[in-house]
Amino acid sequence: MSFVWGAATAAYQIEGAADEDGRVPSIWDTYSRTPGRVRDGDTGDVATDHYHRWAEDVETMSALGLGAYRFSVAWPRIHDRRGIDFYSRLVDALLERGIAPVATLYHWDLPQSLEDAGGWPERDTAYRFAEYAERIGAALGDRVHTWTTLNEPWCSAFLGYASGVHAPGRTEPAAALAAAHHLNLAHGLAARVLPGRVSVTLNLHHVRGDAEAARKVDAVANRVFLGPMLDGAYPADLLENTAHITDWSFVRDGDEATIAAPLDVLGVNYYTPTLVRPWEGGAPRATADGHGDGTASPWVGCEDVEFVRQPGPYTEMGWSIDPTGLTELLLRLHRDHPSMPVMITENVAAFDDRVDADGRVHDQRRIDYLRDHLAAVGRAMEAGADVRGYFVWSLLDNFEWAHGYSKRFGIVHVDYATQERTWKDSAHWYRDHIATFSRGPSSKPFD
């Protein structure tokens, strides 16, 4: 079995050129330009200027030895032919260097005009997404290796419409559940019009702790997407847990069958496990999940669940480092959906990286994180999990959503004042690791 080594990025986080070549505003343009929303008033207006520096970045990918590059197409950019041409040039350059293009259609940058019409809680947004998918599929479909319809729809629905810590910043639990359904529907509609291989990427939560609390969280974190996408139906306990919030009347006859479009591979993003326990009131409920301040929770239907801070060590995001959760999550997917191959489409961590006096970025903690999590993938594969590839997040330091430029996930350091790129030690390590793997089956890439 071939194994693909790659790196991932997202359009709004790296492209910049927010008002160029016919690009229209997205919800993240509006959100980041609203005072108090994003740390330090940062925006993605310039980001890492990938829109102008893409050729340099492709050369970096080639030098790393990547077999694939996972990027996202900015929905607001393809309203103009110049935007489509940008992605066409990018795809051609990747193919010239033997790098497979893996294109994500939605990484959270909904056109603001669609949000003004109601956003993802409205059914029409799913139909507009399918039209967008058909248009970009026609333009690039003969060259894109794999299409990913959505990236982390949990974040789009529940961080965007329940806790409000992501764009568009709404705090409406019923709207969040409607958004989740219409994101699912958008996926199913798009999967039926896209040419070639189709995937979706989910940030599946590996939930530990009290069994009943874990069941409730698993329903709204994982099975709200896995159920209709892979099993053709929403789980009954999810509908029961959220009946006091919505009657789910936005689900129409035939929707679940549409959502269950055939998939070629399932993308999995993993950073840290989740630990829960019952909450019976009293002191403020713990929100150690890092997804809200407790005043507006993304965990719709989990009002009696508390999120517990886990033992360290921690990343700069405050997330515990625990690669065993990745092994257990992959084995859970293998057990529940044995015929569905998976790819790790995001993994790695934010650390406080600095360019030292020697001009290098010595990020040994990220190398340790990489090594340990790749070993976790190896253990899952040895136990039977069908894992087809690994994409490090991220190729470049970038705009980290509500955290602005304060968190660095990249294996390539970016000086935001000059846009100078500097390989971190982790980039050198990843290049050498890929080269070791390419020497053949006698190597042990996960050791």
Side-chain angles (χ1 to χ4, degrees), residues 3-10 68 70 102 104 107 148 150-155 158-159 199-209 214 217-218 221-226 229-230 265-276 288-291 307 310 312-337 340-351 365-383 385-395 400-401 407 409-411 426 430 445-446:
F3 191 93
V4 176
W5 296 98
T9 63
R70 178 177 176 251
V102 178
T104 299
H107 202 129
T148 301
L150 309 172
N151 177 80
E152 298 185 349
W154 184 87
C155 295
F158 296 103
L159 299 186
S199 177
V200 67
T201 283
L202 305 178
N203 57 316
L204 297 173
H205 296 68
H206 182 61
V207 189
R208 295 167 170 164
V217 171
D218 184 68
N222 300 327
R223 289 181 287 119
V224 65
F225 302 108
L226 291 172
M229 288 182 181
L230 300 186
V265 64
L266 174 67
V268 175
N269 293 352
Y270 174 87
Y271 293 96
T272 187
T274 301
L275 181 61
V276 298
D289 60 307
H291 292 310
F307 294 80
Q310 300 174 76
Y314 304 103
T315 71
E316 282 295 304
M317 297 292 288
W319 299 340
S320 69
I321 300 173
D322 186 349
T324 65
L326 179 54
T327 302
E328 293 166 7
L329 176 60
L330 291 172
L331 291 178
R332 176 248 178 107
L333 289 170
H334 176 62
R335 180 187 69 245
D336 294 349
H337 307 282
M340 177 56 63
V342 303
M343 297 185 78
I344 309 302
T345 40
E346 289 183 23
N347 183 237
V348 178
F351 293 109
R365 294 185 66 194
R366 184 173 287 105
I367 293 172
D368 294 342
Y369 186 105
L370 267 166
R371 181 185 292 114
D372 292 345
H373 283 74
L374 288 173
V377 174
R379 288 191 292 272
M381 293 176 70
E382 289 171 357
D386 185 2
V387 184
R388 302 291 180 87
Y390 178 93
F391 290 73
V392 66
W393 179 271
S394 175
L395 176 68
E400 184 49 39
W401 308 113
K407 308 297 182 186
F409 277 88
I411 59 172
S426 58
Y430 194 49
F446 301 106

Inset, instruction - Check salt bridge (charged side-chain N to carboxylate O under 4.0 Å, His left out) between Glu346 and all other residues, then give those that pass, not counting sequence neighbours. - result: Arg70
Inset, instruction - With sequence neighbours excluded, tell me which residues meet salt bridge (charged side-chain N to carboxylate O under 4.0 Å, His left out) with Arg365. - result: none
Inset, instruction - For Ala214, check side chain to side chain contact (heavy atoms under 4.5 Å, CB included) against everything at least two apart and list the hits. - result: Val207, Val276
Inset, instruction - Only counting residues at least two apart or in another chain, list the ones meeting side chain to side chain contact (heavy atoms under 4.5 Å, CB included) with Thr327. - result: Leu331, Ala376, Arg379, Ala380
Is there a side-chain contact between [X] and [Y], using heavy atoms and a 4.5 Å cut-off?
X	Y	result
Phe391	Ile344	no
Met317	Phe409	yes
Val4	Met343	yes
Arg332	Asn222	yes
Asp386	Val342	no
Tyr314	Ile321	no

Inset, instruction - Determine whether the side chains of Asn347 and Tyr271 contain a donor N or O and an acceptor N or O closer than 3.5 Å. - result: no
N/O donor-acceptor pair under 3.5 Å between [X] side chain and [Y] backbone:
X	Y	value
Ser394	Ala8	yes
Thr272	Ser320	yes
Asn203	Asn269	no
Glu152	Thr201	no

Inset, instruction - Compare every heavy atom of Ala7 with every heavy atom of Leu395, then report the nearest pair and how far apart it is. - result: CB-CB, 4.0 Å
Legend entry - Sidechain N-carboxylate O distance under 4.0 Å for Asp368, Arg366: no
Inset, instruction - Before accepting this row, confirm whether a basic side-chain N of the pair Arg208/Asp322 lies closer than 4.0 Å to the acidic partner's carboxylate O. - result: yes
Inset, instruction - Pick out which of Leu159, Leu204, Leu202 makes a side-chain contact (heavy atoms from CB on, under 4.5 Å) with Trp154. - result: Leu159
To the nearest 0.5 Å, how far apart are [atom1] in [X] and [atom2] in [Y]?
X	Y	atom1	atom2	answer
His206	Leu333	NE2	CG	10.5 Å
Asn151	His107	CG	NE2	4.0 Å
Tyr430	Ile367	OH	CD1	13.5 Å
Leu266	Met340	CG	CE	6.5 Å

Inset, instruction - On the 0 to 90° scale, with breaks at 30° and 60°, tag the Phe225-Phe158 ring pair as parallel, tilted or perpendicular. - result: perpendicular
Inset, instruction - Report the C-alpha separation of Ile411 and Trp393 in whole Å, then their side-chain angles, then the decisive distance to 0.1 Å, and conclude whether the side chain to side chain contact (heavy atoms under 4.5 Å, CB included) test is met. - result: CA-CA 8 Å; Ile411 59 172; Trp393 179 271; over 6 Å; no
Inset, instruction - Sequence neighbours left out, what passes ring pair (Phe, Tyr, Trp, His ring centres under 6.0 Å) with Tyr369? Give chain and number order. - result: His373
Inset, instruction - Test Phe3 against Trp5 for ring pair (Phe, Tyr, Trp, His ring centres under 6.0 Å), laying out the working first. - result: CA-CA 7 Å; Phe3 191 93; Trp5 296 98; 4.9 Å; yes
Legend entry - Derivation of the side chain to side chain contact (heavy atoms under 4.5 Å, CB included) call for His205 and Asp218: CA-CA 7 Å; His205 296 68; Asp218 184 68; over 6 Å; no
Legend entry - Contacts of Thr148 that satisfy side-chain hydrogen bond (donor to acceptor under 3.5 Å, both in side chains) - sequence neighbours left out: none
